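Because only heavy atoms are used, hydrogens play no part in the values below, and waters and symmetry mates are left out as well, while side chains stay in. Heads up: numbering here begins at 1 and tracks the sequence. These numbers were taken from a predicted model, which means no experiment stands behind them.
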Amino acid sequence: MELTPKTTMNKIAFFILLLCVFTNCSKDSFEGTSPNHSYYYPTDEASITVSQIGDGKGTFNPKGIAVANDKLYVCNGDVLEIFNAQTLAHIKTIANYTKGSTTIPLTQLSSVCVDNGRIYIGSVESRLFVIDEVTNVGISTVGNGQWWKTFVHVFGVVVKDGLVFVKEKETSIKVFETSQITDKSDWNLTPMAKLNTLKGYDEVYSMDVADGNLVVAGRNAKGYLYYNIAGIRANGAASLTVPIQATVIPFGEAKPLALAISADWAITSENVKDLNYLRIYPRREFMDKIYNPRVNASDVMGQNNFGTIVSTAQLNDRLFLSDNTNQKIRVIKLNQSAITEQR
(Lines give C-alpha, C1' and ligand atoms only; values in the text may rest on other atoms or scores of the structure.)
Protein backbone atom coordinates (compact mmCIF):
# COMPACT_ATOMS: atom_id res chain seq x y z
CA MET A 1 0.00 0.00 0.00
CA GLU A 2 1.37 3.39 -0.94
CA LEU A 3 1.47 5.92 1.88
CA THR A 4 -0.12 9.24 1.01
CA PRO A 5 0.64 12.24 3.25
CA LYS A 6 -2.51 14.06 4.30
CA THR A 7 -1.18 17.29 5.76
CA THR A 8 -2.41 20.34 3.80
CA MET A 9 -1.34 23.16 6.10
CA ASN A 10 1.24 25.57 4.66
CA LYS A 11 4.35 24.30 6.44
CA ILE A 12 6.51 27.24 5.36
CA ALA A 13 4.14 29.68 7.04
CA PHE A 14 4.02 27.44 10.07
CA PHE A 15 7.80 27.45 10.49
CA ILE A 16 8.08 31.19 9.86
CA LEU A 17 5.58 31.73 12.66
CA LEU A 18 7.46 29.32 14.87
CA LEU A 19 10.77 31.05 14.25
CA CYS A 20 9.18 34.41 14.99
CA VAL A 21 7.93 33.15 18.31
CA PHE A 22 11.38 31.91 19.30
CA THR A 23 12.99 35.13 18.14
CA ASN A 24 10.68 37.35 20.15
CA CYS A 25 11.12 35.25 23.29
CA SER A 26 14.90 35.28 23.11
CA LYS A 27 15.74 38.90 22.46
CA ASP A 28 16.19 39.80 26.10
CA SER A 29 17.29 36.39 27.33
CA PHE A 30 20.54 35.51 25.52
CA GLU A 31 23.76 37.16 24.53
CA GLY A 32 26.66 35.91 22.45
CA THR A 33 26.38 32.98 20.09
CA SER A 34 22.85 32.12 18.95
CA PRO A 35 21.82 28.76 20.45
CA ASN A 36 20.36 25.87 18.47
CA HIS A 37 17.27 23.91 19.43
CA SER A 38 15.68 20.71 18.19
CA TYR A 39 11.96 21.02 17.58
CA TYR A 40 9.81 17.91 17.23
CA TYR A 41 6.42 17.89 15.57
CA PRO A 42 3.96 15.29 14.25
CA THR A 43 2.57 15.06 10.73
CA ASP A 44 -0.15 12.80 9.37
CA GLU A 45 1.25 10.05 7.18
CA ALA A 46 -1.65 7.65 6.70
CA SER A 47 -4.46 5.87 8.50
CA ILE A 48 -5.92 2.38 8.79
CA THR A 49 -9.70 2.11 8.60
CA VAL A 50 -12.28 -0.61 8.06
CA SER A 51 -11.98 -0.07 4.29
CA GLN A 52 -8.65 -1.94 4.35
CA ILE A 53 -10.08 -5.10 5.95
CA GLY A 54 -11.83 -7.70 3.82
CA ASP A 55 -14.61 -6.18 1.74
CA GLY A 56 -14.43 -2.97 3.77
CA LYS A 57 -18.00 -3.32 5.02
CA GLY A 58 -17.33 -4.57 8.53
CA THR A 59 -16.69 -2.65 11.74
CA PHE A 60 -13.49 -1.26 13.18
CA ASN A 61 -13.31 -0.75 16.94
CA PRO A 62 -9.57 -0.48 17.63
CA LYS A 63 -8.32 -0.82 21.18
CA GLY A 64 -5.00 -2.33 22.24
CA ILE A 65 -2.24 -2.40 19.60
CA ALA A 66 1.31 -3.74 19.39
CA VAL A 67 4.16 -3.72 16.86
CA ALA A 68 6.61 -6.60 16.56
CA ASN A 69 8.79 -7.86 13.71
CA ASP A 70 7.28 -5.44 11.18
CA LYS A 71 3.73 -6.47 12.03
CA LEU A 72 1.00 -4.35 13.59
CA TYR A 73 -1.50 -6.18 15.80
CA VAL A 74 -4.85 -4.52 16.49
CA CYS A 75 -7.59 -5.64 18.89
CA ASN A 76 -10.77 -5.06 16.91
CA GLY A 77 -13.86 -6.05 18.84
CA ASP A 78 -14.03 -9.85 18.68
CA VAL A 79 -11.03 -10.39 16.38
CA LEU A 80 -7.32 -9.67 16.18
CA GLU A 81 -6.25 -7.92 12.97
CA ILE A 82 -2.70 -8.21 11.66
CA PHE A 83 -1.19 -5.65 9.27
CA ASN A 84 2.21 -5.14 7.68
CA ALA A 85 3.63 -2.30 9.77
CA GLN A 86 5.67 -1.00 6.82
CA THR A 87 3.13 -1.07 3.97
CA LEU A 88 -0.02 -1.10 6.18
CA ALA A 89 -1.44 -3.93 4.04
CA HIS A 90 -3.88 -6.18 5.87
CA ILE A 91 -2.38 -9.65 6.41
CA LYS A 92 -5.04 -11.65 8.22
CA THR A 93 -7.85 -11.73 10.78
CA ILE A 94 -7.72 -14.10 13.74
CA ALA A 95 -11.19 -14.85 15.08
CA ASN A 96 -10.54 -17.98 17.15
CA TYR A 97 -8.08 -19.53 19.55
CA THR A 98 -7.30 -22.95 18.09
CA LYS A 99 -5.30 -25.71 19.73
CA GLY A 100 -5.76 -29.25 18.46
CA SER A 101 -9.47 -30.03 18.58
CA THR A 102 -10.19 -27.04 20.84
CA THR A 103 -11.59 -23.86 19.30
CA ILE A 104 -12.56 -20.83 21.41
CA PRO A 105 -13.98 -17.71 19.75
CA LEU A 106 -12.12 -14.51 20.58
CA THR A 107 -14.47 -11.97 22.18
CA GLN A 108 -14.26 -8.41 23.50
CA LEU A 109 -10.51 -8.04 22.99
CA SER A 110 -8.93 -5.28 25.04
CA SER A 111 -5.17 -5.61 24.72
CA VAL A 112 -2.30 -7.35 22.96
CA CYS A 113 1.42 -7.82 23.51
CA VAL A 114 4.11 -9.76 21.63
CA ASP A 115 7.08 -11.20 23.48
CA ASN A 116 9.61 -13.95 22.80
CA GLY A 117 7.67 -15.64 20.01
CA ARG A 118 4.27 -15.43 21.69
CA ILE A 119 1.23 -13.22 21.24
CA TYR A 120 -0.70 -12.47 24.44
CA ILE A 121 -4.30 -11.34 23.87
CA GLY A 122 -6.45 -9.95 26.68
CA SER A 123 -10.24 -10.40 26.64
CA VAL A 124 -12.81 -8.58 28.75
CA GLU A 125 -14.47 -12.01 28.91
CA SER A 126 -11.97 -12.85 31.69
CA ARG A 127 -9.41 -14.68 29.57
CA LEU A 128 -5.84 -14.30 28.43
CA PHE A 129 -5.12 -16.11 25.16
CA VAL A 130 -1.53 -17.08 24.35
CA ILE A 131 -0.72 -18.10 20.76
CA ASP A 132 2.40 -18.71 18.70
CA GLU A 133 3.63 -15.58 16.91
CA VAL A 134 4.54 -17.40 13.70
CA THR A 135 1.88 -20.10 13.31
CA ASN A 136 -0.85 -18.39 15.38
CA VAL A 137 -1.64 -21.83 16.87
CA GLY A 138 -2.84 -21.80 20.46
CA ILE A 139 -0.34 -22.43 23.25
CA SER A 140 -2.53 -21.93 26.33
CA THR A 141 -5.29 -19.89 27.90
CA VAL A 142 -5.26 -18.33 31.36
CA GLY A 143 -8.76 -17.97 32.79
CA ASN A 144 -11.84 -19.80 31.54
CA GLY A 145 -14.19 -16.93 30.82
CA GLN A 146 -15.82 -16.87 34.26
CA TRP A 147 -15.16 -13.54 35.98
CA TRP A 148 -15.17 -15.04 39.48
CA LYS A 149 -12.31 -17.42 38.66
CA THR A 150 -8.77 -16.45 37.50
CA PHE A 151 -9.55 -12.91 36.28
CA VAL A 152 -12.26 -10.37 36.90
CA HIS A 153 -12.17 -9.40 33.21
CA VAL A 154 -8.92 -8.40 31.46
CA PHE A 155 -8.37 -4.75 30.54
CA GLY A 156 -4.65 -4.72 29.76
CA VAL A 157 -1.59 -6.94 29.29
CA VAL A 158 2.13 -6.39 28.91
CA VAL A 159 4.90 -9.00 28.93
CA LYS A 160 8.62 -8.47 29.39
CA ASP A 161 11.63 -9.82 31.29
CA GLY A 162 9.89 -13.10 32.02
CA LEU A 163 6.81 -11.55 33.63
CA VAL A 164 3.20 -11.21 32.47
CA PHE A 165 1.26 -8.23 33.87
CA VAL A 166 -2.53 -8.45 33.55
CA LYS A 167 -4.80 -5.52 34.46
CA GLU A 168 -8.13 -6.61 35.89
CA LYS A 169 -11.28 -4.72 36.81
CA GLU A 170 -11.00 -2.00 39.47
CA THR A 171 -7.54 -1.66 41.07
CA SER A 172 -5.91 -5.04 40.44
CA ILE A 173 -2.91 -6.11 38.36
CA LYS A 174 -1.95 -9.78 38.58
CA VAL A 175 1.61 -10.83 37.80
CA PHE A 176 2.62 -14.22 36.41
CA GLU A 177 5.91 -15.68 35.25
CA THR A 178 6.02 -16.58 31.57
CA SER A 179 7.40 -19.99 32.56
CA GLN A 180 4.05 -20.74 34.25
CA ILE A 181 2.32 -20.67 30.86
CA THR A 182 3.09 -23.71 28.72
CA ASP A 183 1.23 -25.90 26.26
CA LYS A 184 0.44 -28.18 29.20
CA SER A 185 -0.34 -25.62 31.91
CA ASP A 186 -3.75 -25.34 33.60
CA TRP A 187 -6.01 -22.38 32.87
CA ASN A 188 -6.38 -21.46 36.55
CA LEU A 189 -2.88 -20.28 37.40
CA THR A 190 -1.93 -18.67 40.69
CA PRO A 191 -0.24 -15.26 40.26
CA MET A 192 3.19 -14.73 41.77
CA ALA A 193 2.30 -11.17 42.81
CA LYS A 194 -0.50 -8.59 42.90
CA LEU A 195 -0.32 -4.83 42.38
CA ASN A 196 -2.70 -2.03 43.34
CA THR A 197 -3.48 0.74 40.82
CA LEU A 198 -5.03 3.01 43.51
CA LYS A 199 -8.15 3.71 41.42
CA GLY A 200 -9.93 2.15 38.47
CA TYR A 201 -13.02 0.39 37.27
CA ASP A 202 -13.65 -1.15 33.83
CA GLU A 203 -11.50 0.92 31.46
CA VAL A 204 -8.87 -0.38 29.02
CA TYR A 205 -5.44 0.18 30.56
CA SER A 206 -2.08 0.70 28.87
CA MET A 207 1.24 -0.44 30.37
CA ASP A 208 4.90 -0.91 29.46
CA VAL A 209 8.15 -2.05 31.04
CA ALA A 210 11.41 -0.08 30.99
CA ASP A 211 14.55 0.27 33.10
CA GLY A 212 13.45 -2.33 35.63
CA ASN A 213 10.01 -0.81 36.18
CA LEU A 214 6.45 -1.53 35.17
CA VAL A 215 4.85 1.78 34.20
CA VAL A 216 1.06 2.08 33.98
CA ALA A 217 -0.93 4.91 32.40
CA GLY A 218 -3.07 5.53 35.48
CA ARG A 219 -6.09 7.20 33.92
CA ASN A 220 -8.12 7.04 37.14
CA ALA A 221 -5.26 7.99 39.44
CA LYS A 222 -4.37 10.90 37.09
CA GLY A 223 -0.72 9.99 36.92
CA TYR A 224 1.80 7.41 35.73
CA LEU A 225 2.21 4.50 38.13
CA TYR A 226 5.69 3.05 38.64
CA TYR A 227 6.38 -0.38 40.14
CA ASN A 228 9.94 -1.61 40.71
CA ILE A 229 10.21 -5.11 39.26
CA ALA A 230 12.94 -6.22 41.67
CA GLY A 231 10.59 -5.19 44.49
CA ILE A 232 7.75 -7.17 42.90
CA ARG A 233 9.89 -10.29 42.75
CA ALA A 234 11.15 -9.84 46.31
CA ASN A 235 7.72 -9.16 47.82
CA GLY A 236 5.54 -11.30 45.58
CA ALA A 237 4.28 -13.72 48.24
CA ALA A 238 3.31 -10.95 50.66
CA SER A 239 1.62 -8.99 47.88
CA LEU A 240 -0.94 -11.75 47.40
CA THR A 241 -2.39 -10.57 50.72
CA VAL A 242 -1.56 -6.85 50.54
CA PRO A 243 -1.00 -5.78 46.91
CA ILE A 244 2.02 -3.61 46.13
CA GLN A 245 1.22 0.06 45.63
CA ALA A 246 2.76 2.30 43.01
CA THR A 247 4.93 5.38 43.14
CA VAL A 248 2.99 8.19 41.46
CA ILE A 249 3.13 11.97 41.06
CA PRO A 250 -0.51 12.97 40.41
CA PHE A 251 -1.32 15.48 37.70
CA GLY A 252 -3.84 18.22 38.21
CA GLU A 253 -6.25 17.44 35.38
CA ALA A 254 -4.49 15.21 32.86
CA LYS A 255 -5.58 11.59 32.67
CA PRO A 256 -2.95 9.31 31.07
CA LEU A 257 -4.66 6.88 28.69
CA ALA A 258 -1.94 5.21 26.63
CA LEU A 259 1.77 4.53 26.95
CA ALA A 260 4.55 2.93 24.90
CA ILE A 261 8.20 3.32 25.83
CA SER A 262 10.84 3.07 23.08
CA ALA A 263 14.61 3.48 23.15
CA ASP A 264 14.36 7.29 23.17
CA TRP A 265 10.78 8.24 23.95
CA ALA A 266 7.72 7.63 26.07
CA ILE A 267 4.84 7.98 23.61
CA THR A 268 1.65 8.76 25.52
CA SER A 269 -1.87 10.02 25.16
CA GLU A 270 -3.50 12.11 27.87
CA ASN A 271 -7.00 13.47 28.25
CA VAL A 272 -7.63 16.96 29.64
CA LYS A 273 -11.33 17.85 29.84
CA ASP A 274 -12.64 17.77 26.24
CA LEU A 275 -9.24 17.46 24.56
CA ASN A 276 -7.05 14.45 23.85
CA TYR A 277 -3.31 15.05 23.58
CA LEU A 278 -0.43 13.19 22.02
CA ARG A 279 2.43 13.83 24.45
CA ILE A 280 5.93 12.54 23.81
CA TYR A 281 8.48 12.64 26.62
CA PRO A 282 12.22 11.90 26.50
CA ARG A 283 12.54 8.41 27.94
CA ARG A 284 15.16 9.22 30.56
CA GLU A 285 13.24 12.20 31.92
CA PHE A 286 9.98 10.24 31.92
CA MET A 287 11.50 7.37 33.89
CA ASP A 288 12.83 9.97 36.36
CA LYS A 289 9.26 11.32 36.66
CA ILE A 290 10.11 14.60 34.92
CA TYR A 291 7.14 15.44 32.72
CA ASN A 292 8.26 17.96 30.09
CA PRO A 293 6.87 16.73 26.74
CA ARG A 294 8.72 17.59 23.54
CA VAL A 295 5.49 17.01 21.62
CA ASN A 296 2.26 18.28 23.16
CA ALA A 297 -0.46 18.28 20.51
CA SER A 298 -4.24 17.84 20.46
CA ASP A 299 -4.22 17.82 16.66
CA VAL A 300 -1.80 17.74 13.73
CA MET A 301 -0.72 21.24 12.70
CA GLY A 302 -4.11 22.75 13.46
CA GLN A 303 -6.17 20.02 11.80
CA ASN A 304 -7.60 16.55 12.53
CA ASN A 305 -8.14 16.61 16.29
CA PHE A 306 -7.18 13.46 18.14
CA GLY A 307 -9.99 11.33 19.53
CA THR A 308 -9.58 9.03 22.53
CA ILE A 309 -6.25 7.29 21.94
CA VAL A 310 -6.34 4.08 23.96
CA SER A 311 -3.04 2.56 22.80
CA THR A 312 0.18 3.65 21.09
CA ALA A 313 3.12 1.93 19.39
CA GLN A 314 6.25 3.01 17.53
CA LEU A 315 8.28 1.70 14.59
CA ASN A 316 11.27 3.92 13.78
CA ASP A 317 9.92 7.46 13.15
CA ARG A 318 6.38 6.17 12.64
CA LEU A 319 3.85 6.29 15.48
CA PHE A 320 0.67 4.21 15.54
CA LEU A 321 -2.24 5.68 17.52
CA SER A 322 -5.36 3.63 18.25
CA ASP A 323 -7.97 6.37 17.91
CA ASN A 324 -11.08 4.63 19.21
CA THR A 325 -13.30 7.70 18.86
CA ASN A 326 -12.64 8.03 15.14
CA GLN A 327 -12.46 4.24 14.57
CA LYS A 328 -9.06 4.26 12.93
CA ILE A 329 -5.38 3.70 13.51
CA ARG A 330 -3.69 7.02 12.89
CA VAL A 331 -0.19 6.71 11.46
CA ILE A 332 1.87 9.71 12.49
CA LYS A 333 5.40 10.63 11.53
CA LEU A 334 7.62 12.20 14.18
CA ASN A 335 9.71 14.96 12.58
CA GLN A 336 12.71 16.89 13.88
CA SER A 337 13.85 20.35 12.86
CA ALA A 338 16.84 22.37 14.01
CA ILE A 339 16.12 25.98 14.95
CA THR A 340 18.74 28.66 15.51
CA GLU A 341 17.59 31.51 17.68
CA GLN A 342 18.42 35.01 16.45
CA ARG A 343 19.23 37.87 18.78
Donor-acceptor side-chain pairing of D70 and N84 below 3.5 angstrom: no
Side-chain H-bond candidate by donor/acceptor type, S206 with S311, under 3.5 Å: no
Should I121 and V159 be regarded as members of a common hydrophobic cluster, given that ILVMFWY residues are connected when their side-chain heavy atoms come within less than 4.5 Å of each other, either directly or indirectly? no
Side chain to side chain donor-acceptor pair (under 3.5 Å): which pairs involve residues 229-238, sequence neighbours left out? none
K160/D115 ion pair, N-O < 4.0 Å: no
Under 3.5 Å, sequence neighbours excluded: what are the donor-acceptor pairs made by side chains of residues 190-197?
from : atom 1 : to   : atom 2 : distance (Å)
N196 : OD1    : L198 : N      : 2.6
T197 : OG1    : T171 : O      : 3.4
T197 : OG1    : K199 : O      : 3.0

If you take all heavy atoms of I244 and I232, which pair is closest and at what distance? CD1-CA, 3.8 Å
Over all atoms of both residues, closest heavy-atom pair of N326 and G307: ND2-N, 3.6 Å
Keeping N144 on the side-chain end and Q146 on the backbone end, is there a donor-acceptor pair under 3.5 Å? yes
Smallest separation among heavy atoms of L80 and L106, with atom names: N-CD1, 4.4 Å
Are any side-chain N or O atoms of T312 and backbone N or O atoms of I267, one a donor and one an acceptor, separated by less than 3.5 Å? yes
Scan T268, L259, L225, D208 and name whichever one has a side chain to side chain contact (heavy atoms under 4.5 Å, CB included) with V215. L259
Of all residues at least two apart in sequence or in a different chain, which pass the salt bridge (charged side-chain N to carboxylate O under 4.0 Å, His left out) check with K174? E168
Ignoring hydrogens and angles, tell me if any N or O in the side chain of R318 forms a donor-acceptor pair with the backbone of K333 under 3.5 Å. no
To check you understand the geometry: which heavy-atom pair defines the closest contact between D323 and P62, and what is its length? O-CG, 4.1 Å
Taking side chain to side chain donor-acceptor pair (under 3.5 Å) as the definition, give me every residue that meets it alongside T182, ordered by chain and number, with sequence neighbours left out. none
Can you tell me how far apart CD1 (I329) and CD1 (I65) are? Round to the nearest 0.5 Å. 5.0 Å
Is the side chain of N271 donor-acceptor paired with the backbone N or O of K273 at a distance under 3.5 Å, no angle test? yes
When clusters are formed from ILVMFWY side-chain contacts under 4.5 Å, directly or step by step, what else is grouped with L257? none
In this structure, would F320 and I261 fall into the same cluster of hydrophobic residues linked by side-chain contacts under 4.5 Å? no
Would N304 and R330 count as a side chain to side chain contact (heavy atoms under 4.5 Å, CB included) here? Give the steps. CA-CA 10 Å; N304 301 327; R330 294 186 63 166; 3.3 Å; yes
Show me, pair by pair, the donor-acceptor contacts under 3.5 angstrom made by side chains of residues 132-139, not counting sequence neighbours?
from : atom 1 : to   : atom 2 : distance (Å)
D132 : OD1    : V134 : N      : 2.8
D132 : OD1    : T135 : N      : 2.8
D132 : OD1    : T135 : OG1    : 3.2
E133 : OE2    : N69  : ND2    : 2.6
T135 : OG1    : V137 : N      : 3.2
N136 : OD1    : K92  : NZ     : 2.9
N136 : ND2    : D132 : O      : 3.3
N136 : ND2    : E133 : O      : 3.4

Side chain D288, main chain I290, donor-acceptor under 3.5 Å: no
Show which side-chain atoms of residues 147-158 pair as donor or acceptor with protein atoms under 3.5 Å away, not counting sequence neighbours.
from : atom 1 : to   : atom 2 : distance (Å)
T150 : OG1    : N188 : OD1    : 2.8
H153 : ND1    : V124 : O      : 2.8

Nearest non-hydrogen partners of S123 and S110, listed with the distance: N-OG, 4.2 Å
Y227 meets the ring-ring contact (aromatic ring centres under 6.0 Å, His included) criterion, sequence neighbours left out, with none
Testing the 3.5 Å rule here: is there a donor-acceptor pair between the side chains of T49 and S51? yes
Please check if I82 and L315 belong to a single hydrophobic cluster, counting links between Ile, Leu, Val, Met, Phe, Trp and Tyr side chain heavy atoms closer than 4.5 Å. no
List for me each residue that meets ring-ring contact (aromatic ring centres under 6.0 Å, His included) alongside F251, sequence neighbours excluded, and say none if there are none. Y224, Y291
Just verifying a value: how many Å separate I280 CD1 and L319 CG, rounded to the nearest 0.5 Å? 5.0 Å
Side-chain heavy atoms nearer than 4.5 Å, only ILVMFWY residues, links allowed to pass through others: does that put V79 and V112 together? no
Quick test of your reading: applying ring pair (Phe, Tyr, Trp, His ring centres under 6.0 Å), list the pairs with at least one residue in residues 94-135, sequence neighbours left out, ordered by first then second residue. Y97-F129
Inter- and intrachain pairs under side chain to side chain donor-acceptor pair (under 3.5 Å), touching residues 211-223, at least two apart: E203-N220, Y205-N220, D211-R283, D211-R284
Keeping the roles fixed (side chain from S298, backbone from L275), state whether a donor-acceptor pair exists under 3.5 Å. no
Partner of D78 under side chain to side chain contact (heavy atoms under 4.5 Å, CB included), picked from T107, T59, N61, is T107
How would you list, by chain and number, every residue that makes a ring-ring contact (aromatic ring centres under 6.0 Å, His included) with Y277, sequence neighbours excluded? none
State, to 0.1 Å, how close A258 and A217 come at their nearest heavy-atom pair, and which atoms those are. N-CB, 4.0 Å
Are S262 and Q314 close enough that a side-chain donor and a side-chain acceptor fall under 3.5 Å? yes
